[in-house]
Amino acid sequence: MRRRGAGRLALAVLLGVNLVLPGRAEPAAAAGFVEAYPVTAAAMRAAGPPYADWVAVGRRFLRFDPRGDGRAVEVLGDLAEADRIAVLVPGVGSTLADFDRGLGGVAHRAPAVQAEQLYEVSRRADPTARVAVLAWLGYGPPDGVLTAAGGAGARRGAVAMAALLRELAERRPAATITLIGHSYGSLVVSLAAADAPPQVTDVVSLGGIGAGVQHADELPGGARFWAAEAPTDWIRRVPPVRLLGLGYGRRPGDPAFGARPLPVAGVAGHDGYLVPGSATLVAVAAVVRDGADAERAGNAR
């Protein structure tokens, strides 16, 4: 009996650090290209408020799944014609319930709001640019610090994102794709970029917890790697260690990591990178449109 109890305790510990997690069945109508819009719209209308309300005002989704913590992939802009595509990935604690309202009811923490800000700034900077921004809650982020200690959730997220990237590369082969990860999402996009199609030209870490490597030069593929880490971001207090599969090593925002720096003027705390008035928001929009513009912004910070 004691052995059985010890075994259960060990399993619980493994589950707690996100090393062993059960699989999650995928929905019948998963992400696709723009042909998915009518399918997801019908599913959202059937789900009722607030999702039916999102469809009623013309919002478009590649994916919608209300089961469990939920999944959603919203598209801003004309994805079918875009030649600049940004994919924004949130971090720990993000669920479908917070997709629109933000964690703790704080709007600027919401993936949908952040994506809208990025899209609007990109369009204002160049109204002729054919830009699309995807708010990508296509994975199940860890729900707290303990479950975020390992990278299993990020690896599953990277696998899920790979399917989207292949689809985008096939449908829009001349487009460039920028992957943007906030906090734990930076690990997801870094892992996804390792085996991404050449259309993925840039990877951006905002307050990133890690990238799976100790230096930007160790990342496979030819994408440029950018990072922003504000002085007031609590992520700076996370020890840059990795031991027995736990922790993430050096943060992308650490100058020793070797990422291309993005300006952080106007950024407050861990969730302020994509708020109006933030220099980071403007610079990320420049990365999406043209990496050279963002390079100049980073050097001038």
Side-chain angles (χ1 to χ4, degrees), residues 24-90 94-102 110-123 127-141 157 159-180 185 188-189 192 196-197 199-200 274 285 288-289:
R24 181 179 188 276
E26 292 301 311
F33 200 59
V34 296
E35 294 87 352
Y37 292 161
V39 178
T40 54
M44 294 171 78
R45 283 192 289 267
Y51 313 118
D53 300 331
W54 299 356
V55 174
V57 295
R59 294 169 65 177
R60 295 170 297 183
F61 289 76
L62 293 180
R63 182 175 179 185
F64 170 74
D65 179 7
R67 295 176 298 175
D69 287 338
R71 303 287 190 271
V73 180
E74 183 174 12
V75 179
L76 292 95
D78 187 352
L79 184 59
E81 297 295 329
D83 53 24
R84 299 289 186 272
I85 302 170
V87 184
L88 179 63
V89 182
S94 297
T95 67
L96 181 59
D98 301 311
F99 185 81
D100 217 44
R101 70 185 183 191
V113 173
Q114 293 175 351
E116 184 177 13
Q117 294 293 344
L118 180 59
Y119 177 70
E120 292 300 329
V121 169
S122 299
R123 290 299 309 275
T128 66
R130 295 187 296 180
V131 176
V133 178
L134 278 60
W136 192 84
L137 184 61
Y139 81 122
V159 170
M161 178 169 285
L164 170 67
L165 296 179
R166 288 192 298 268
E167 182 77 16
L168 293 178
E170 178 181 345
R171 298 299 193 98
R172 301 297 302 156
T176 61
I177 302 172
T178 300
L179 305 181
I180 306 161
V188 176
V189 298
Q199 285 83 357
V200 176
L274 297 179
V288 174
R289 296 191 322 275

Practice item. Carefully, step by step, assess Glu74 and Arg59 under the rule side-chain contact (heavy atoms from CB on, under 4.5 Å). Key: CA-CA 8 Å; Glu74 183 174 12; Arg59 294 169 65 177; 2.7 Å; yes
Practice item. Start with the C-alpha distance between Leu179 and Val89, add both sets of side-chain angles, then the distance that settles side-chain contact (heavy atoms from CB on, under 4.5 Å), and finish with yes or no. Key: CA-CA 8 Å; Leu179 305 181; Val89 182; over 6 Å; no
Revision key, fill the gap. Sorted by chain and residue number, the side-chain hydrogen bond (donor to acceptor under 3.5 Å, both in side chains) partners of Gln114 (sequence neighbours excluded) come out as none
Practice item. Name all residues meeting the side-chain hydrogen bond (donor to acceptor under 3.5 Å, both in side chains) criterion together with Thr176; count only those two or more places apart in sequence or in a different chain, and write none if there are none. Key: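 For Thr176, no residue satisfies side-chain hydrogen bond (donor to acceptor under 3.5 Å, both in side chains) once neighbours in sequence are set aside.
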[X]: partners by side-chain contact (heavy atoms from CB on, under 4.5 Å), with sequence neighbours left out:
X	value
Ala110	Val113
Ala163	Arg166
Ala160	Trp136

Exercise for review: Just jot down the ring pair (Phe, Tyr, Trp, His ring centres under 6.0 Å) partners of Tyr51, sequence neighbours excluded, or say none.
Suggested key: Trp54, Phe64
How close do [X] and [Y] get, counting heavy atoms only, and between which atoms?
X	Y	answer
Leu96	Asp65	CD2-O, 3.9 Å
Leu165	Ala196	CD1-CB, 4.0 Å
Val34	Leu62	N-CD2, 4.2 Å

Result block: side-chain N/O donor-acceptor pairs under 3.5 angstrom for residues 76-88, not counting sequence neighbours:
{"unit_1": "Asp78", "atom_1": "OD1", "unit_2": "Ala80", "atom_2": "N", "d": "3.2"}
{"unit_1": "Asp83", "atom_1": "OD2", "unit_2": "Arg130", "atom_2": "NE", "d": "3.3"}
{"unit_1": "Asp83", "atom_1": "OD2", "unit_2": "Arg130", "atom_2": "NH2", "d": "3.4"}
{"unit_1": "Arg84", "atom_1": "NE", "unit_2": "Arg289", "atom_2": "O", "d": "2.9"}

Point to revise | Arg60: partners by salt bridge (Lys or Arg N to Asp or Glu O under 4.0 Å), with sequence neighbours left out | key: none
Practice item. For Arg171, enumerate each residue passing the salt bridge (Lys or Arg N to Asp or Glu O under 4.0 Å) test, keeping only those at least two apart in sequence or located in another chain. Key: Glu35, Glu167
Exercise for review: Walk me through it: do Phe33 and Arg172 pass the test side-chain contact (heavy atoms from CB on, under 4.5 Å)?
Suggested key: CA-CA 10 Å; Phe33 200 59; Arg172 301 297 302 156; 4.0 Å; yes
Revision key, fill the gap. CG of Leu134 to CD1 of Ile180, rounded to nearest 0.5 Å, is 10.5 Å
Review point. About how many Å separate CG of Asp53 and CZ of Arg45, when rounded to the nearest 0.5 Å?
Key: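 Result: 12.0 Å between the selected atoms.
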Contacts under 3.5 angstrom, residues 115-122 side chains, donor-acceptor by atom type, not counting sequence neighbours:
{"unit_1": "Tyr119", "atom_1": "OH", "unit_2": "Arg123", "atom_2": "NH1", "d": "3.0"}
{"unit_1": "Ser122", "atom_1": "OG", "unit_2": "Leu118", "atom_2": "O", "d": "2.8"}

